[in-house]
Each structure stands twice: as C-alpha cells, then as structure tokens.
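Only this structure's heavy atoms are used, side chains among them; waters, hydrogens and symmetry mates stay out. In what follows, chains carry the letters A, B, and so on, assigned in the order in which the sequence lines appear, proteins first and then strands, with residues in each chain numbered from 1. What you see is a predicted model, and the numbers here were worked out from it, not measured in a lab.
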Amino acid sequence: MLHRLKDTLAEALKEAVQRAIQSGELKIQEVPEISWETPSEAAFGDLSTTIAFSIAREIKKNPREVATAVAAQLGLDPNLVEKAEVAGPGYINFFISPACWRSAIPTILAQGKDYGRSEVGKGRRVQVEFVSANPTGPLHVGHGRGAAIGDSLANLLQAVGFSVEREYYINDAGTQMEILGRSVWARYQEELGREAAFPENGYKGGYIRDIARRLVSDYGERFLAVPEGETIDLMSAYASRIILGEIKEVLEEFGVKFDSWFSEKGLYGEGDPLEKFRRFVQVRELIAKGQIYEYEGALWFGTAVFGDDKDRVIIRSNEAPTYFASDILYHINKFERGFDKAIDIWGADHHGYVPRLKAAVKALGYPPDALEILLVQLVRLLRGGRPVAMSTRAGEFVTLAEVLAEVGKDAARYIFLTRRSDSPLDFDLELAKAQSLENPVYYVQYAHARLSSILREARKAGFPETYGDADLSLLSLPEEVSLIKKLAFYPEVVLGAALFCEPHRIPAYLQELAAQLHSYYNKHRVISKDRALSLARLALVASIRIVISNALSVLGVTAPERM
RNA sequence: GGCCCCGUAGCUCAGGAGGAUAGAGCAGGAGUUUCCUAAACUCCGUGUCGCAGGUUCAAGUCCUGUCGGGGCCUCCA
C-alpha cells in the first residue's frame with residue numbers, strides 16, 4: 001500500500017518537474033530519482049522529499065524556490081493527499097489523507113500471514129551459513145546469538161522473496177577433531193582404571209567423561225587392545241557423532257532448522273585434499289596467473305593484491321592443508337551450487353579472516369559482493385547484573401541448552417535479536433526470566449495476547465469475524481490514524497531489515513507498535529455500545545494482531561493468545 | 001607495529017542508504033483499575049552525539065587525524 005502510494009506520488013512529482021521544465025522555470029536535462037524521507041514531526045506531514053535540493057544543486061538556484069516551482073505544478077489526487085507544502089529550506093511535505101492510510105487495513109486483513117512479504121529478491125538464491133560450531137563440545141550462549149540472527153535473517157530474506165537455504169558447516173576435519181579424539185581416549189582409559197596422560201590442550205569439559213562412559217558401556221574394554229594410532233580416529237568419530245546429535249537437538253529446541261549440514265570431510269571426499277586442491281587451482285589457471293605459488297615448500301595464495309594484508313599459506317610444507325584452504329574450497333563449492341549470494345555469520349573473533357576470504361573470492365573471479373560476512377559480537381552472560389564466569393578452556397561455560405532450560409526459547413531469541421549484531425550483548429539471565437517491565441519480550445507478547453483477548457470478547461458479544469462491512473472512516477482519532485500508519489510501514493521495515501542484514505530492526509519496530517497499542521488500549525474502548533464504531537476498531541485490532549504476529553514469527557518467537 | 005568493531009541521557013542501546021528542534025527502554029519520582037488482560041497506561045529529560053579538523057545547501061551519519069574501550073595478527077584451529 002505504502003509502496004504504491006510512494007510510486008504514485010513520485011510519478012506526480014516527476015510530472016510536476018517536467019511541467020516546470022517546459023514552462024522554463026527549471027533548466028535541467030532530466031528529472032532526478034525521487035527519494036523519500038519520513039519526517040520527524042507531524043507538522044512536517046507524512047512523507048517528504050528532498051528533490052528540490054538535488055535540483056537546486058545542479059542549476060545553482062535556491063532550493064526553496066525550486067521546491068515552490070515544483071509544488072506549484074503538482075497535480076495530486078485529493079483522495080490520497082490532503083495537501084503538499086513547501087517547508088524549511090526546501091522540503092516538499094505531503095500530508096496523506098486519513099482515508100488513504102485507512103486503506104491499509106483491508107490490505108492487511110486480506111493478506112494475513114503474507115502481509116509484509118514482497119518479491120524484491122525473487123529468482124535469487126541466497127545461502128545463509130551460521131552456527132557452524134566444531135562438533136567438539138556443546139553450543140554455548142554465543143552460538144545461540146549466531147543461531148537467532150542467522151535464522152531470523154533467513155526468515156527475513158525469505159519474506160522479501162529470496163530463495164533461502166540455511167546451512168551448518170560441520171568442521172569435522174583437522175586438528176581439533178584429533179584433540180577431541182585424544183581427550184576421549186584419555187578419559188576412556190581412566191574410566192577403565194588405566195593411567196593416561198590427558199592432552200595438554202585437550203577438552204576438559206565433563207561431557208568428555210560422559211562420552212567416555214558411554215563408550216565403556218557400549219564397547220567395554222575393547223579399545224584398550226587397539227593400537228593407539230587407530231583409536232584416536234575412532235574416538236573422535238564416536239564423540240563428534242554424539243556431540244553433533246546434541247547440537248542438532250538444542251538447535252531444534254531453539255526453533256532453528258537447517259536445510260543442510262555440510263561436512264568439511266565431505267568437502268575433500270575420498271581423494272587426497274592436496275591433489276584435489278591443485279586440480280581445482282589448475283582448472284582456474286591460478287598458478288599460471290601467479291595467484292598461487294610455491295615458496296619454501298609451502299603453497300601460497302596471493303591474496304595481498306586483492307585487499308588482504310599479506311599472502312596466505314594454503315598448503316603447509318608438511319602437505320597438510322590449512323583451514324584457509326578448506327574455507328576456499330568450501331566457498332567455491334557454495335558458488336558452484338548456484339547461490340547468487342552467500343552470507344556467512346561468524347563470531348567476531350574471526351574477523352581477521354574476513355579480508356583474506358573476501359580476497360580469495362575475488363581472486364577466484366566471483367563478484368566481490370557475492371560473499372557477505374556478518375560478524376556477531378560476543379555475548380556477556382550476567383546473572384542479576386553480575387558477570388557469569390566462563391572459561392572454555394577449563395570446560396566451564398554456560399551452554400545454550402542450559403540457558404534455554406532456564407529462560408525459554410522466546411525470551412532467549414528475542415533478547416539475542418534486540419541489538420545490532422556488531423555490538424556486544426549483555427544477556428542477563430534474571431532479566432530474561434523476569435516477567436516485568438524490564439523484559440521486552442513480554443511487552444510485545446502481551447500486546448498480542450491483549451489483542452487476541454479483545455477479539456475473543458468480540459466474538460462472544462456477537463461481532464462477525466470478518467470486517468468487510470466495517471465503516472473504517474469511523475477510525476478518525478489521531479491515535480488510530482497513527483497506528484494504521486505504523487502498520488502501513490511494516491513491509492518497508494521488513495525489507496530494510498532483510499537487505500541490510502539487520503534483524504534488530506524488527507524488535508525495535510515491535511516495541512514501538514506495542515507501545516502505541518497499549519497506550520490506545522488504555523485510553524479508548526474497542527468494544528462499546530456503538531456497534532459500528534466497535535466493528536471499525538475491531539478491524540484495526542485484527543490488523544495490528546496480524547502485524548505483531550507476523551513480526552514475531554520472523555523472529556522465531558511465539559505469539560501467545562493468552563498470557 | 002598493522003587491521004577491525006565500539007564511543008549518543010545516570011545505565012543499556014536505537015538513530016530506518018547525509019536531511020528539519022537527536023530518540024526509546026531501564027533505573028528514580030508522582031499518579032491511573034465499577035469497563036475488552038495493570039505483564040498495561042499517564043506525567044517528570046538543557047545530551048560538549050569522545051575530541052579536532054575537513055567534504056556538503058545540510059554531518060550523530062561520509063573523509064582525515066587523535067584519545068579511550070574491546071578484539072584480532074602465526075606454515076594456529
């Protein structure tokens with residue numbers, strides 16, 4: 001609705017500029033693109049354009065004069081626009097008629113769950129890769145934040161028409177897996193009463209011992225007889241399978257469903273990784289171009305010329321590929337699967353890798369913006385304002401599962417999504433549990449429950465469940481028009497949040513909408529003796545409920561009927 | 001040493017692709033319920049937008065420098 005309105009007004013503006021050109025008032029070649037502002041104050045109208053400034057710059061005239069000349073030529077539909085006026089240094093402000101705003105209501109009621117969706121991304125495939133934690137231990141709170149952001153971002157992109165795939169990259173190859181195997185091996189031996197040195201950098205968490213115990217109960221002492229060299233792989237395979245299973249469980253509980261679980265091992269497949277890599281590189285003639293070269297026995301990728309600080313090793317002199325090699329192969333694989341865009345969501349501690357991976361993508365000949373990397377800052381876990389001590393190395397950390405058990409999915413997801421991802425987040429367990437003013441989740445959910453309650457009461461009072469007959473012109477209070485306006489902007493909020501990868505815009509919007517609703521509710525009765533007015537207000541209430549419900553659903557938070 | 005992020009009200013943070021007099025939540029104070037859910041509402045805010053320059057008709061927003069906080073640098077994973 002808003003989108004159409006803007007197009008209509010932009011058209012009218014362009015025509016006005018044309019006429020001003022023809023009449024000789026403006027001497028410009030072509031009409032510039034119309035951009036819209038939403039004024040900060042009601043006195044400045046509902047929509048505002050700064051087109052006069054850009055024209056004025058071109059022809060070196062006073063912006064105010066330009067605005068006046070354009071406004072004088074404006075032919076506007078009085079059903080849509082009450083007035084358009086020149087204000088300040090050269091704004092043209094449009095005052096949209098209440099009737100026009102009200103037309104949003106039938107649209108919302110008709111579209112229901114689809115209200116807010118658009119087709120901007122139609123025909124384009126995006127992959128969102130997130131969480132991707134090593135299967136060497138349980139997910140912690142930080143992973144939870146990444147999960148919430150990745151999942152809602154995927155929802156948002158879907159809502160604006162992209163075809164989206166959620167992927168979890170399982171880092172199941174390399175040194176960490178070996179360390180996992182060694183850790184389990186040590187615990188396994190201990191369980192069976194054999195002296196065993198625990199690896200220096202091993203995983204000390206209690207879950208390793210649990211896995212060792214399961215191993216004992218499943219297989220008894222069988223592995224003690226196997227040569228140590230062979231046991232490590234077996235141990236790490238066994239442990240990672242269990243851990244990955246638990247990761248999947250927690251994510252499901254958290255409401256996150258991946259379309260694909262991509263194994264790093266699978267990336268290399270059966271063949272020798274080094275060979276595989278060389279083959280690919282040759283196909284792309286990277287060696288011929290000098291982008292990949294040997295130096296001191298290692299294979300280097302010349303990322304420096306593509307914006308990295310320095311060149312990077314991809315195959316070490318001991319023939320082992322670095323993680324960078326895996327990352328390169330993995331991203332080649334992504335693009336070969338046909339995604340137009342890959343969005344990686346990483347912990348902020350990996351930010352050092354951004355330039356080198358982007359450089360690699362560029363070197364491989366993919367468009368630079370085909371890869372977008374979103375960094376998620378750390379989560380500081382608090383309890384009653386005091387930091388909760390955590391140390392991954394010592395194996396003491398609060399897991400995502402524990403947080404979920406304590407505060408629940410809705411509060412956790414909502415809080416993770418309230419701040420922009422590049423800003424560190426304080427997550428207070430007491431606050432997340434609190435059913436109080438301090439907890440933003442309940443504020444919004446309560447609004448939804450309230451609206452549901454009104455609609456229930458209306459049904460009891462014999463009001464119809466559809467509002468086609470409602471006389472919406474009765475919604476004349478400033479609060480009502482302002483609420484409708486807010487609803488009309490929802491699709492743009494979704495679009496902005498999706499395109500800028502900023503899910504936090506949704507909770508911010510919800511907070512504002514809920515505040516307006518609560519205030520309206522306390523001031524005016526929806527269901528009254530005036531049946532016509534009641535019906536009109538019920539149509540508004542039903543529309544608000546749809547928008548809150550849709551927005552919460554994008555966040556993966558439930559919209560309760562009762563609280 | 002190099003790079004990245006952050007610096008906005010007492011606290012936690014927004015600031016929507018440069019725009020008009022910079023906002024919200026919380027904390028603190030005072031009030032509101034015969035009525036659709038008080039998990040709510042109403043009222044109470046003078047901010048060197050870290051600092052200094054610059055670009056622009058217009059800068060919290062862009063550029064440069066600088067100070068403060070956090071993070072990252074490896075033939076580590």
With sugar-phosphate meaning primed atoms plus P, OP1 and OP2, does [X] contact a base, only sugar-phosphate, or nothing at under 4.0 Å between heavy atoms?
X	value
A:Gln516	nothing
A:Arg505	sugar-phosphate
A:Pro355	nothing
A:Phe500	base
A:Thr418	nothing
A:Thr38	base
A:Thr50	base
A:His448	nothing
A:Asn93	base
A:Glu41	base

* Verify the distance criterion only: is there a donor paired with an acceptor across the side chains of A:Gln516 and A:Ser482 at less than 3.5 Å? => yes
* To do: Mind checking ring pair (Phe, Tyr, Trp, His ring centres under 6.0 Å) for A:Tyr521 and listing every partner two or more places apart, or none if nothing turns up?
  => none
Tell me if a side-chain donor or acceptor on [X] pairs with a main-chain N or O of [Y] at a distance below 3.5 Å.
X	Y	answer
A:Arg537	A:Arg525	yes
A:Tyr115	A:Leu487	yes
A:Ser48	A:Pro39	no

Are OP1 or OP2 of [N] and a side-chain N or O of [X] less than 4.0 angstrom apart?
X	N	result
A:Ser40	B:G15	no
A:Tyr442	B:A39	no
A:His504	B:G15	yes

* Asked: A:Tyr521 on top of B:A40's base, within under 5.5 Å and under 30°?
  -> no
* To do: Starting from P on B:C13, measure out to CG on A:Asp428 and report it in whole angstrom.
  => 12 Å
* Structure fact -> Rounded to whole Å, the CZ-C1' distance (A:Arg525 to B:C41) equals 15 Å
* To do: Answer with yes or no whether A:Ser519 presents, from its side chain, a donor or acceptor under 3.5 Å of a partner atom in the base of B:A40.
  => no
* To do: Name all residues meeting the side chain to side chain donor-acceptor pair (under 3.5 Å) criterion together with A:Arg419; count only those two or more places apart in sequence or in a different chain, and write none if there are none.
  => none
* **Those residues that, when tested against A:Lys485, pass side chain to side chain donor-acceptor pair (under 3.5 Å) (two or more places apart)** => A:Asp46
* To do: Using salt bridge (charged side-chain N to carboxylate O under 4.0 Å, His left out) as the criterion, list what pairs up with A:Lys310, not counting sequence neighbours.
  => none
* What is the per-nucleotide protein-contact pattern of nucleotides 70-75 of chain B, from the 5' end, where B denotes a base atom under 4.0 Å from a protein heavy atom, S denotes such proximity for sugar-phosphate atoms only, and - denotes neither? -> -BS-SB
* Among B:A40, B:A20, B:C36, find the nucleotide with the atom closest to the side chain of A:Pro39. => B:A20
* To do: Hey, can you tell me if A:Tyr330 and A:Tyr169 have their rings parallel, tilted or perpendicular (30° and 60° cut-offs)?
  => parallel
I'd like a table of atom pairs between the protein and nucleotides 57-62 of chain B - only N or O on both sides, under 3.5 Å - with the distance next to each one.
none

* Asked: In Å and rounded to the nearest 0.5 Å, what is the CD1 to CG distance from A:Ile548 to A:Leu513?
  -> 4.5 Å
* Could you measure between the two C1' atoms, the one in B:C11 and the one in B:C73, and give it in whole Å? => 34 Å
